[in-house]
2 protein chains.
Amino acid sequence: MVEQGSEHTSTRDQILHEATQCFAEQGYDGTSLNDIAAAVGIRRQSLLHHFPSKEQLYGEVFEYLLGVWFERLAEAISSPVRGIEKVELVLEAGFDFFADKPEFVRLVRREALDSGAHLGVDLSAVLRPMWDRAGAYFRREMDAGTFRRYDDPEQLLVTGYGALLSYFSDAPFLEGLLDVDPYSRDALDARRRHITSFYRMALDPT
Amino acid sequence: MVEQGSEHTSTRDQILHEATQCFAEQGYDGTSLNDIAAAVGIRRQSLLHHFPSKEQLYGEVFEYLLGVWFERLAEAISSPVRGIEKVELVLEAGFDFFADKPEFVRLVRREALDSGAHLGVDLSAVLRPMWDRAGAYFRREMDAGTFRRYDDPEQLLVTGYGALLSYFSDAPFLEGLLDVDPYSRDALDARRRHITSFYRMALDPT
DNA sequence: GTCTATATTGGGATAGAC
DNA sequence: GTCTATCCCAATATAGAC
């Protein structure tokens with residue numbers, strides 16, 4: 001759907017791109033079709049020639065990003081490494097994807113807050129299989145003694161979910177607390193290292 | 001401003017209460033004065049007799065919750081305990097407040113996402129003093145050898161911020177992933193215990 | 001495929017009767 | 001203090017010319 005390699009991107013793809021930025025920054029209700037059209041350089045009415053409605057456009061924006069996310073995650077999961085190294089690999093794959101596409105994180109957060117009011121599909125249901133797989137992995141490693149035992153492995157996932165997403169979804173807010181551009185190379189490196197080392201400490205069975 | 005103890009709550013306070021719920025659930029842009037007025041049982045025009053504008057109403061909703069939050073936090077911070085016990089005390093105070101007022105968490109998250117577009121004040125600037133104080137505390141304890149040393153103590157704060165807020169802000173979403181009501185007593189207890197034990201593991205210097 | 005023009009709805013806010 | 005009536009504006013969406 002989204003073409004690469006050619007000098008010229010289609011108007012449709014330009015719309016998708018600008019819509020992604022607008023929805024991520026201002027949310028579904030805070031974004032008007034005028035905003036998106038203006039960013040592309042056309043009129044609102046011309047935009048509706050490419051997408052039948054605002055909801056449809058929003059749906060396609062989400063669908064595309066979700067597809068890329070699944071691709072990247074599947075790649076990391078399929079790796080043959082085990083133990084804490086696998087956790088690190090998946091954490092880093094998630095981190096790198098989020099750093100590459102912070103718009104995605106912001107969209108997911110907004111959907112989580114609005115509990116899918118604007119999106120047709122149930123996001124948690126879509127992500128559920130991967131979630132369960134991760135939970136089963138932790139349980140197995142705990143049983144094997146490679147990870148420190150916790151009462152409820154799912155809690156580790158919730159914490160990781162929050163730690164990973166919040167940094168990107170709330171980046172402008174955190175910038176005000178930290179006096180550092182969260183997207184600078186240094187800040188990203190530091191955050192990445194901290195998350196992995198934090199998990200290593202917490203999971204270390206010794 | 002908000003009266004307690006009397007059987008009858010003023011219309012003004014009812015409006016504040018319903019507005020809090022609506023803004024937390026649907027966001028600023030997603031909430032219309034009609035929604036709030038309907039919840040109270042009056043007309044939109046009557047609501048505007050008590051508050052001059054939507055922005056003003058939103059501001060007051062936030063101001064009130066922020067005041068309570070500061071109260072509770074100051075109470076926990078003033079405790080004479082030290083070391084990891086102080087961290088636990090503050091984490092638990094935050095957790096309990098958030099569990100008591102999840103609307104507050106959702107509002108803060110929305111503000112962080114929108115970077116204060118609807119609120120007059122800069123939220124990160126308001127919270128900055130407490131943030132810096134917490135960072136200094138971690139640094140001191142690391143220097144004293146009571147906490148495990150991390151390159152950047154502020155990273156611990158970011159992780160805590162995410163772990164604490166996300167559970168409540170994204171509760172409906174997490175319910176779909178966990179098959180448990182996040183606000184049930186059991187779930188809250190488990191989450192509370194996990195966060196504190198997770199931090200204890202990560203900060204343990206041995 | 002983009003435009004102008006227009007229909008229609010819903011939002012915030014004001015004026016004034018009761 | 002609450003209501004009805006009204007104003008104004010912005011938003012989504014459609015129709016039809018070019």
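Letters go in sequence order (proteins before strands), and every chain restarts at 1. Any value given below was found using the heavy atoms of this structure, including those in side chains, with hydrogens, waters and symmetry copies removed.
The backbone N or O of A/A37 lies less than 3.5 Å from no partner atom in the side chain of A/R43, so there is not a single donor-acceptor pair. Using modelled atom types, no side-chain atom of A/S166 and backbone atom of A/A163 make a donor-acceptor pair closer than 3.5 Å. Put simply, the side chain of A/Y199 gets close to the backbone of A/G160: a donor and an acceptor are under 3.5 Å apart.
To the nearest 0.5 Å, the span separating CD1 on A/I36 from NE2 on A/H17 amounts to 12.5 Å.
Of all nucleotides listed (D/dG1, D/dC3, C/dT2), D/dG1 comes nearest to the side chain of B/H50. Taking every side-chain heavy atom of A/Q45 into account, D/dA13 is the closest of D/dT2, C/dT14, D/dA13.
Side-chain contact annotation: A/E141 with A/Y137, donor-acceptor N/O pair under 3.5 Å present.
Using a 30° and 60° split on the angle between ring planes, B/W131 and B/Y161 fall in the perpendicular class, above 60°. Ring geometry for A/F147 versus A/F138: interplanar angle of 30 to 60°, hence tilted.
Summarising the geometry, the separation between CZ on B/F51 and P on D/dG1 is reported as 12 Å, rounded to the nearest angstrom. Atom-to-atom, CZ of A/R43 to P of C/dT6 comes out at 15 Å; the value is rounded to the nearest Å. Taking atom NE2 on A/H49 and atom C1' on D/dA15, their separation rounds to 14 Å, with Å as the unit. Atom pair B/Q14:CD and D/dG1:C1' shows a separation of 13 Å (rounding to whole Å applied). Distance B/I36 CD1 to C/dA13 P: 11 Å, rounded to the nearest Å.
Of the residues in residues 20-29 of chain B, none lies under 4.0 Å from DNA chain C by heavy-atom distance.
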Restricting to nitrogen or oxygen on both sides, can you table the protein-nucleotides 8-12 of chain D pairs closer than 3.5 Å?
unit_1, atom_1, unit_2, atom_2, d
D/dA11, OP2, A/N34, ND2, 3.4
D/dT12, OP1, A/L33, N, 3.1
D/dT12, OP1, A/K54, NZ, 3.3
D/dT12, OP2, A/L33, N, 3.1
D/dT12, O4, A/R44, NH2, 3.2

Which atom pairs link the protein and nucleotides 16-18 of chain C when you take only N or O atoms and keep those under 3.5 Å?
none

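Applying the ring-ring contact (aromatic ring centres under 6.0 Å, His included) test to B/F97 and every residue at least two apart in sequence or in another chain returns B/W69, B/F104. By the ring-ring contact (aromatic ring centres under 6.0 Å, His included) test, B/F23 pairs with B/Y28, B/Y58, sequence neighbours left out. For B/E154, the side-chain hydrogen bond (donor to acceptor under 3.5 Å, both in side chains) partners at least two apart in sequence or on another chain are B/R139.
Atom CG of A/D151 is surrounded by 12 or fewer heavy atoms from other residues, nucleotides or ligands within 6.0 Å.
Look at B/S46 and you won't find any side-chain N or O under 4.0 angstrom from OP1 or OP2 of D/dG1.
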